[in-house]
Amino acid sequence: MYYNQDTTVYLDGKWIPAEKATTGLYAQTLHYGNGVFEGIRAYKTENGAQVFKVKEHYERFLYSAKAMHIPCSYTVEQLTALTYELLEKNNLEDAYIRPLLYQGEHMSLMPAEDSHLLLCAWSWGKYLGDTKIRVMTSSYQRPNPKSTHIQAKVVGHYTNSILATREAKQKGFDEALLLDNNGFVAEGPGANFFYEKNGVLYTCPLGNILSGITRQTVFEMAKALNYTLVEKQFTPEDVYGADGAFFTGTAAEIAPIASLDGHDFKKPWEDTIGYVFALYYQKLVTQTANTLETVS
Ligand code: PMP
């Protein structure tokens, strides 16, 4: 699904067939989880493939690397150019792009001095699909921000996401919603969370969540379309009985939520602000320029 015999990846300065790409079994990232990555999407537009908010993604990538003491010798501009080359080499326009910066052979608990860069891409539908999903409050909290750099996209953080996703599916739900260590709503395993009540959108502030690039786009859309968006701490009980809710993420885009812990949201999806934003987001990502001003 992720690659076939024709797929090319970028690994440590070389373009090679995905089938031939290998790494060592003594890699520090494999044993201890200290690696960083990104999830980026490219969209087919009239001007060919356009990578949505590529600069913001690679700025976050370099921030994550720095926070975790992983050296990276590439600039945002170099990573951007390599990403377009990757799409071209693989004949991809609508694609999900996965850069991974990982560390090699090193078994101590000091960050390794080296790093390896993998860039790969594949075709991927929306992560949470198009149908409204049933969400449950997870028994797992997001990692305490005093235990790690929660705003960095770190490989090891995703064990928390895997546990929460598995628990939700095992209990018959589609997705989890995780709280922070004070019991306030934080985010999904791989997406930020918003809800709508009486014409106002709410989301939690930064501090316990990944600072999502799609989340930021929602802020920009709210401003452009004149909707009120409030950042505040809230509990699952505050969300029960709201008018609507959605997850945001590069992979998920703007994904409608049917219910939280069995409490249905009141409005049909098509009558919510989330729906307006989902349509607008599609326009935005498929335009040739990535600014709100150019969307008609
Ligand atoms: N939170 C988590 C934990 C994530 O993994 C993601 C996906 N990167 C997001 C939020 C959404 O971030 P973005 O909109 O930048 O994809």
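In each ligand, atom 1 is the first atom listed, and ligand 1 is the first ligand listed. Since this is a predicted model, take the numbers as computed values, not measurements. Keep in mind that the numbers below use all heavy atoms, side chains included, and drop hydrogens, waters and symmetry copies. Residue indices begin at 1 and follow the sequence shown.
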Hey, which atoms in ligand 1 end up nearer than 4.0 Å to a heavy atom of [X]?
| X | value |
| --- | --- |
| N192 | 10 (C), 11 (C) |
| G249 | 11 (C), 14 (O), 16 (O) |
| E187 | 1 (N), 2 (C), 3 (C), 10 (C) |
| G212 | 12 (O), 13 (P), 14 (O), 15 (O) |
| T248 | 11 (C) |

From atom 13 (P) of ligand 1, work out which of N160, I213, I209 has a heavy atom at the shortest distance.
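It is I213 whose heavy atom sits nearest to atom 13 (P) of ligand 1.
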Shortest heavy-atom approach to atom 6 (C) of ligand 1 - which of A164, A252, G190, P189
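Minimum heavy-atom distance to atom 6 (C) of ligand 1 goes to G190.
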Below 30° counts as parallel, above 60° as perpendicular, anything between as tilted: where do the rings of Y10 and W15 land?
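Correct class here is perpendicular.
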What class does the angle between the rings of Y96 and W122 fall in, given that below 30° is parallel, 30 to 60° is tilted and above 60° is perpendicular?
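Because their plane-to-plane angle lies in the 30° to 60° range, the rings of Y96 and W122 count as tilted.
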Hey, are [Y] and [X] close enough side-chain-wise for a donor-acceptor pair under 3.5 Å?
| X | Y | answer |
| --- | --- | --- |
| T23 | H116 | no |
| T286 | K44 | no |
| S211 | Q216 | no |
| E253 | T214 | no |

Between E196 and K267, is there a salt bridge with N-O shorter than 4.0 Å?
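A salt bridge links K267 with E196.
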Does the separation of the ring centres of F52 and Y281 fall below 6.0 angstrom?
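Ring centres of Y281 and F52 closer than 6.0 Å.
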Nearest-contact summary for [atom] - protein heavy atom, Å:
| atom | result |
| --- | --- |
| atom 8 (N) of ligand 1 | K153 NZ, 2.8 Å |
| atom 5 (O) of ligand 1 | Y158 OH, 2.4 Å |
| atom 14 (O) of ligand 1 | T214 OG1, 2.6 Å |

Contact (N/O only, under 3.5 Å) between [X] and ligand 1:
| X | answer |
| --- | --- |
| S161 | no |
| R215 | no |
| T250 | yes |
| H57 | no |

Please give me the minimum heavy-atom distance between H31 and L25, naming the atom from each residue.
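Result for this residue pair: NE2-O, 2.8 Å.
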So, for L210 and Q151, which heavy atoms are closest and what is the spacing to 0.1 Å?
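Here L210 and Q151 meet closest at CD1-O, 3.6 Å.
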Residue-level breakdown please: for K53 versus ligand 1, do any non-hydrogen atoms fall below 4.0 Å on the side chain, on the backbone, on both, or on neither?
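Answer for K53: neither.
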Does S211 approach ligand 1 within less than 4.0 angstrom via side chain, backbone, both or neither, non-hydrogen atoms only?
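None of S211 does.
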Determine whether R98 and E38 satisfy the following criterion, salt bridge (charged side-chain N to carboxylate O under 4.0 Å, His left out), listing intermediate values before the conclusion.
CA-CA 6 Å; R98 168 55 53 82; E38 266 304 317; over 6 Å; no
Please confirm whether [X] comes under 4.0 Å of ligand 1, counting heavy atoms of the residue only.
| X | result |
| --- | --- |
| R142 | yes |
| R60 | yes |
| H157 | no |
| G39 | no |

Under 6.0 Å from the ring centre and within 45 degrees of the ring axis: does the NZ or CZ of K153 meet both conditions for the six-membered ring of F61?
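Here K153 fails the 6.0 Å and 45° test against F61.
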